[in-house]
Amino acid sequence: MASVSAAAASKNVDWPLSNPWTWMLTGLTTAGLAYAWTRLAADTVLAGGIVALLLLSLFAVGIALWVGFGSPAGTTRALPPLAETYLSGVLTLGSLWLGGISGMRLLIELGEFAQDFLRRYSQRDVGWTGPAEVTWTAANFFCDLVIFALGVLGTAVFAAATFRHAGWTLRERGTALLGAAVLAILLTAKAADEWDTMSLFLLAASLVALVAAGLYWLPTKWRRVGVSGLVVLHLGGICSAALAAPPQPWVINQLWSRFYRPYLEFMYLNNAYRYYSPEPGPPTLVWFRVEYGEGSMVYSHWFYLPDLDTENGRHRHPLGLVYQRRLSLTQNTEPSESPPKVTVRGEDGVQRINPVYQSRVQSAPQELMGPVPLGQPRPEPAANRLLVPFHPELQAEFQYQRPNFYSKDLIRSYAKHALSLPHPEHPDAVAKSVKVYRVRHEIMQPRSYASGMHPTDMSFYLPYYMGEFDAEGKMTREAQNDPLLYWLVPNLRDDRQHPDNVRCYYLRHAGDRNWVLWPDKTWHSE
Amino acid sequence: MSRLQPPIDANATPPKTAWDRFWFSPADPTTLGLIRLCCGIITLYTTIAYSYDLYELFGRDAWLDLDTRYQYVRERPIDVPNSDWQTVEERYGRLPAPESPEKAKENQDYLNKWTIDPRLVFVKGTPVWSVWFHVTDPAAMVAVQGFFLLAAFLFMIGCATRVTSVLTWFAQLCYIHRAPTALFGVDTMMGVVLLYCMIGPSGAALSVDRLIAHWWRGHRLEVLARWQRFANGVRGLFRLPPRLVPEVPVAAPVPWEPPTPSVSANLAIRLLQIHVCIIYGMAGLSKLQGVRWWNGEAIWYTLANYEFAPMELLPYKAFLRYLTLNRPMWELFMTLGGYFTLFFEIGYPFLIWRPRVRWVLLAMALVLHGGIGFFMGLQTFSLMMLTMNMAFLPPELVRHWLSRLRRRPAPQAPKTPAVPPVERTPVTTGPAPKATAIRQGKASARKK
């Protein structure tokens with residue numbers, strides 16, 4: 001008899017940490033405490049104690065789900081009947097709240113849609129009907145629809161369990177565990193709302209748990225249908241990201257913008273996978289010349305991004321991956337606006353040189369004047385200006401690269417960071433300003449390689465002047481008025497007396513004294 | 001046990017349709033475990049590399065500073081194409097006058113900054129997230145980075161994989177969303193593989209989890225007995241009656257069992273397979289837009305790219321020199337290289353499903369990514385792509401290879417889900433020769 005009772009006992013005795021409800025209730029309690037703390041505390045800054053509670057709560061919820069669904073016996077653990085009834089009541093109210101909120105939002109969204117539809121397609125001229133009339137996206141609508149459906153389902157399931165007084169069925173136990181996880185994560189999301197992006201992440205995590213709860217409750221056949229729907233949605237998103245990069249059809253663009261974009265950006269799946277297409281191009285580098293002041297002394301130093309030793313081809317970063325990331329930083333500065341036309345038609349119908357080019361032409365020597373419309377007089381070179389010739393082998397349009405708004409921001413941010421780097425030999429010197437050059441490293445033609453030229457020959461580097469920035473990261477007034485702003489400041493073998501010397505005009509423009517590279521690889525002033 | 005197969009559905013009807021068989025047949029998770037292991041190594045290396053760059057990439061004054069990044073996250077305009085035939089000028093022409101001069105200035109500032117009027121913007125901002133948006137104190141950043149390193153390491157060895165896979169994915173996306181300008185191909189692919197390792201039971205094979213599960217099967221009762229004795233001691237302090245302690249009988253060593261097939265393992269592998277096909281298909285088709293892929297020059301532009309290729313390496317220099325000095329060889333090599341790439345990438349989504357040519361495709365993937373790793377310096381990216389290709393390796397083959405490494409026969413996959421080990425019947429309360437008995441049992445088994 002004793003052995004029988006011991007056997008029965010051993011079945012009930014188990015490792016206490018393997019009960020998911022221990023963890024889940026810990027998670028719920030700590031999440032509730034964290035939420036109460038943030039709401040009751042006058043100071044809204046996320047204090048260390050709150051962060052610790054939030055982390056503990058998420059950890060406990062994670063372990064509860066892992067223990068609950070990671071072992072065959074996990075979801076079979078029962079709570080005391082009273083606890084199950086009480087928790088069913090809580091989950092009923094939670095589901096009701098979720099369904100109610102999402103239902104209200106759905107009504108508002110449908111109302112907005114109906115209003116916009118009527119205004120857009122009614123016969124009367126209703127004035128402007130811009131896209132901002134509707135303040136929601138199809139993705140919002142879809143999420144609300146899913147939450148509403150699951151809220152209604154949860155309300156029905158747990159209300160029935162509450163009033164049944166017979167405890168949960170096996171299927172309801174797993175659903176309840178996931179439902180409790182939804183509540184706990186929602187509480188942590190609300191408690192962490194000061195960290196808005198983390199709050200967003202947690203809200204999405206609670207949506208995932210909610211969908212999982214719904215799927216778990218369904219019978220196998222319908223669960224498969226649900227999972228199939230999710231698979232189709234997911235793969236549809238991957239395809240829409242791949243097809244929505246230009247040139248893209250209108251339908252895919254609409255699908256991506258209105259429906260898939262939030263999901264794809266959130267999950268970082270928004271990649272078109274168009275590697276080396278339409279074709280591989282040259283890499284972009286960024287060079288900085290930082291000017292430092294220390295007392296009456298002025299120093300300068302060049303920082304190269306990425307830092308590559310052109311003598312042996314090895315980078316000067318601790319790991320190859322660090323070097324690759326630097327290369328990505330510079331590659332992202334590449335996008336530029338379309339170059340303006342060289343000539344513009346005036347009000348009198350006469351073609352004249354575009355003012356953008358006019359200013360540049362005046363900074364070029366006469367014999368390498370660049371683009372001037374036929375029949376127009378050559379503008380005189382401006383006095384007291386640095387004269388920089390046009391690159392003789394590139395069309396004038398390709399020698400002007402005004403970065404787009406995205407690249408401008410990146411360059412400004414990079415310049416600001418470069419200003420925070422200390423001078424290697426004078427660490428106490430204070431950075432005053434930085435001149436930035438975005439450099440296109442041309443890939444040499446096989447013919448040049450066969451003739452013995454080296455890929456690091458300075459003539460293959462095409463530096464475009466991106467401006468000078470002060471210590472606050474703002475472009476200086478001088479740079480804004482510089483006629484060479486966004487222009488190629490080339491490296492040329494244009495010295496007729498010494499045809500092997502390379503004149504690096506960008507160095508001269510930056511303010512370096514030695515700007516001519518001799519064939520013995522030494523730098524000299526002219 | 002898979003999430004998709006809760007206990008109540010163990011006797012459910014097997015999949016009938018082709019769709020169900022493709023997606024919902026239980027599959028051996030060994031391949032997924034191998035993918036996790038390889039992806040984990042690369043992820044850990046990447047995370048270690050981030051440690052060098054912590055402040056440079058994720059600090060408040062990083063290369064891409066926090067304010068600039070946050071401005072993009074909150075303000076970036078998302079436009080949608082017109083639903084009518086209005087031109088841009090017409091859209092601007094139909095804008096109503098601003099309500100106030102302040103509003104007009106606000107609109108103009110937005111227009112100057114983002115080159116679009118805010119009233120024409122569909123949505124502002126992007127739903128991205130990162131802990132690095134909020135943790136900017138240097139000491140706290142180091143603490144978070146340490147935590148991420150630990151998670152990546154545990155994920156790699158497959159410890160608490162259901163939790164650490166989520167944490168590793170979370171950590172990688174935190175890096176990605178904070179510093180999107182520092183990313184390249186490996187980050188994209190890592191995000192994809194980690195996602196599917198999170199969906200499937202990637203810790204069910206080749207993992208510490210499996211070792212722990214095996215150990216637990218043999219030592220469960222022993223641990224429970226010890227726990228119960230400890231609990232009884234605590235109860236004794238409060239003068240509560242002791243509870244029964246299960247006795248651990250002498251037992252033979254628990255045999256190794258092959259990983260349990262599961263639907264979620266199949267689902268994760270299938271998703272990865274299709275995702276890889278989409279990646280290659282798009283990469284191949286988009287190349288058809290480029291002139292250099294048609295005239296055969298494209299490969300040269302990857303081989304002679306000084307920032308990527310090992311152009312100072314003597315054998316490589318000699319190779320390029322040989323090619324450039326022999327134009328027919330140069331043309332032949334570049335043309336064949338271009339056609340090889342196009343054939344592989346465009347053909348992959350169609351041919352990889354055919355068992356007869358699958359090995360050809362996988363060998364081609366090895367050549368292509370080996371080349372990219374060597375000639376273009378993108379070793380981590382290449383390794384990650386090869387890891388993704390492993391999704392097409394049959395699990396039996398993976399087990400066979402692994403058994404050859406261990407020099408013992410591969411365990412056969414069970415045709416039905418494994419049955420949980422039967423608990424030995426405990427007897428009465430009181431002390432029992434549990435631990436010694438088990439050790440003796442093991443020793444005797446070893447002697448045999």
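Side chains are part of it too, since the values below use all heavy atoms of this structure and drop only hydrogens, waters and symmetry mates. Order of the sequence lines sets the chain letters (A, B, ...), proteins ahead of strands, with each chain counted from 1.
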Given heavy-atom pairs under 4.5 angstrom as the criterion, report whether the side chain, backbone, both or neither of [X] touches chain A.
X: Thr341(B); answer: neither
X: Tyr70(B); answer: side chain
X: Thr126(B); answer: both
X: Trp330(B); answer: side chain
X: Arg178(B); answer: neither
X: Leu57(B); answer: side chain
X: Val128(B); answer: both
X: Met189(B); answer: side chain
X: Tyr50(B); answer: side chain
X: Val291(B); answer: both
X: Ala62(B); answer: backbone
X: Leu183(B); answer: both
X: Ile279(B); answer: both
X: Leu173(B); answer: side chain

Looking at every non-hydrogen atom in both residues, tell me the closest pair between [X] and [Y] and how far apart they are.
X: Arg321(B); Y: Tyr449(A); result: NH1-O, 3.2 Å
X: Tyr45(B); Y: Gly320(A); result: OH-N, 4.2 Å
X: Asn332(A); Y: Thr181(B); result: ND2-O, 2.9 Å
X: Trp300(B); Y: Met444(A); result: NE1-O, 2.8 Å

Can you tell which part of [X] gets under 4.5 Å to a heavy atom of chain B, answering side chain, backbone, both or neither?
X: His454(A); answer: side chain
X: Pro262(A); answer: both
X: Arg412(A); answer: side chain
X: Leu421(A); answer: side chain
X: Arg326(A); answer: side chain
X: His234(A); answer: side chain
X: Gln445(A); answer: both
X: Asp196(A); answer: both
X: Ala272(A); answer: backbone

Please rank [options] by heavy-atom pairs under 4.5 Å with chain A and give me the top one.
options: Gly290(B), Ala49(B), Pro81(B); result: Pro81(B)
options: Asn112(B), Leu167(B), Ile278(B); result: Ile278(B)
options: Leu288(B), Val166(B), Leu271(B); result: Leu271(B)
options: Asp67(B), Thr302(B), Ile176(B), Leu313(B); result: Ile176(B)

Among Pro455(A), Pro247(A), Pro283(A), single out the residue with the greatest number of heavy-atom pairs under 4.5 Å to chain B.
->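 Greatest number of close heavy-atom pairs with chain B: Pro283(A).
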Return the option, out of Leu327(A), Asn271(A), Leu200(A), Leu410(A), with the maximum number of heavy-atom pairs under 4.5 Å with chain B.
->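 Most heavy-atom pairs within the cutoff with chain B belong to Leu327(A).
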I would like to know whether Tyr72(B) and Tyr406(A) meet ring-ring contact (aromatic ring centres under 6.0 Å, His included); could you show each step before the answer?
-> CA-CA 9 Å; Tyr72(B) 267 79; Tyr406(A) 177 66; 5.4 Å; yes
Evaluate whether atom CH2 of Trp250(A) has more than 12 neighbouring non-hydrogen atoms of other residues, nucleotides or ligands under 6.0 angstrom away.
->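 Enclosed.
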Atom CZ of Phe59(A) with >12 non-hydrogen neighbours under 6.0 angstrom |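 Result for CZ/Phe59(A): open.
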Trp293(B) side chain vs Tyr276(A) backbone, donor-acceptor pair below 3.5 Å =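 Checking the backbone N and O of Tyr276(A) against the side chain of Trp293(B), a donor-acceptor pair under 3.5 Å is found.
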Are any of the side-chain heavy atoms of [X] and [Y] separated by less than 4.5 Å?
X: Trp63(B); Y: Ser413(A); answer: no
X: Arg274(A); Y: Lys287(B); answer: no
X: Leu243(A); Y: Met282(B); answer: yes
X: Pro278(A); Y: Arg292(B); answer: no
X: Ile274(B); Y: Ile238(A); answer: no
X: Val227(A); Y: Trp23(B); answer: no
X: Leu321(A); Y: Phe184(B); answer: yes

Parallel, tilted or perpendicular: which fits the ring planes of Phe266(A) and Trp129(B), with parallel below 30° and perpendicular above 60°?
->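 Rings of Phe266(A) and Trp129(B): tilted, 30 to 60°.
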For the residue pair Phe201(A) and Trp169(B), does the interplanar ring angle fall in the parallel (under 30°), tilted (30 to 60°) or perpendicular (over 60°) class?
->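 Correct class here is tilted.
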If I take atom [atom1] from residue [X] and atom [atom2] from residue [Y], how far apart are they, to the nearest 0.5 angstrom?
X: Met198(A); Y: Cys174(B); atom1: CE; atom2: SG; result: 4.5 Å
X: Glu265(A); Y: His177(B); atom1: CD; atom2: NE2; result: 9.0 Å
X: Phe405(A); Y: Arg76(B); atom1: CZ; atom2: CZ; result: 8.0 Å
X: Ser257(A); Y: Asp79(B); atom1: OG; atom2: CG; result: 8.0 Å

Distance-only side-chain donor-acceptor flag, Ser420(A) / Asp61(B), under 3.5 Å =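 No.
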Partners of Glu307(B) by salt bridge (charged side-chain N to carboxylate O under 4.0 Å, His left out), sequence neighbours excluded?
->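 Partners of Glu307(B) under the salt bridge (charged side-chain N to carboxylate O under 4.0 Å, His left out) test: none.
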Asp187(B) bridged to Arg325(A) by N-O distance under 4.0 Å |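 Looking at Asp187(B) and Arg325(A), the cut-off is met.
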Please check if the distance between the ring centroids of Phe460(A) and Tyr306(B) is under 6.0 Å.
->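 No; Tyr306(B) has its ring centre 6.0 Å or more from that of Phe460(A).
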Centroid-centroid under 6.0 Å between Tyr275(A) and Phe381(B) rings |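 Judged by ring-centre distance (under 6.0 Å), Tyr275(A) and Phe381(B) do meet the cut-off.
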Would Thr68(B) and Asp409(A) count as a side chain to side chain donor-acceptor pair (under 3.5 Å) if you check the C-alpha gap in whole Å, the side-chain angles of each, and the deciding distance to 0.1 Å?
-> CA-CA 7 Å; Thr68(B) 306; Asp409(A) 273 345; 6.0 Å; no
Under the side-chain hydrogen bond (donor to acceptor under 3.5 Å, both in side chains) rule, collect the residues that match up with Trp19(B), sequence neighbours excluded.
->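 Expected list: Ser228(A).
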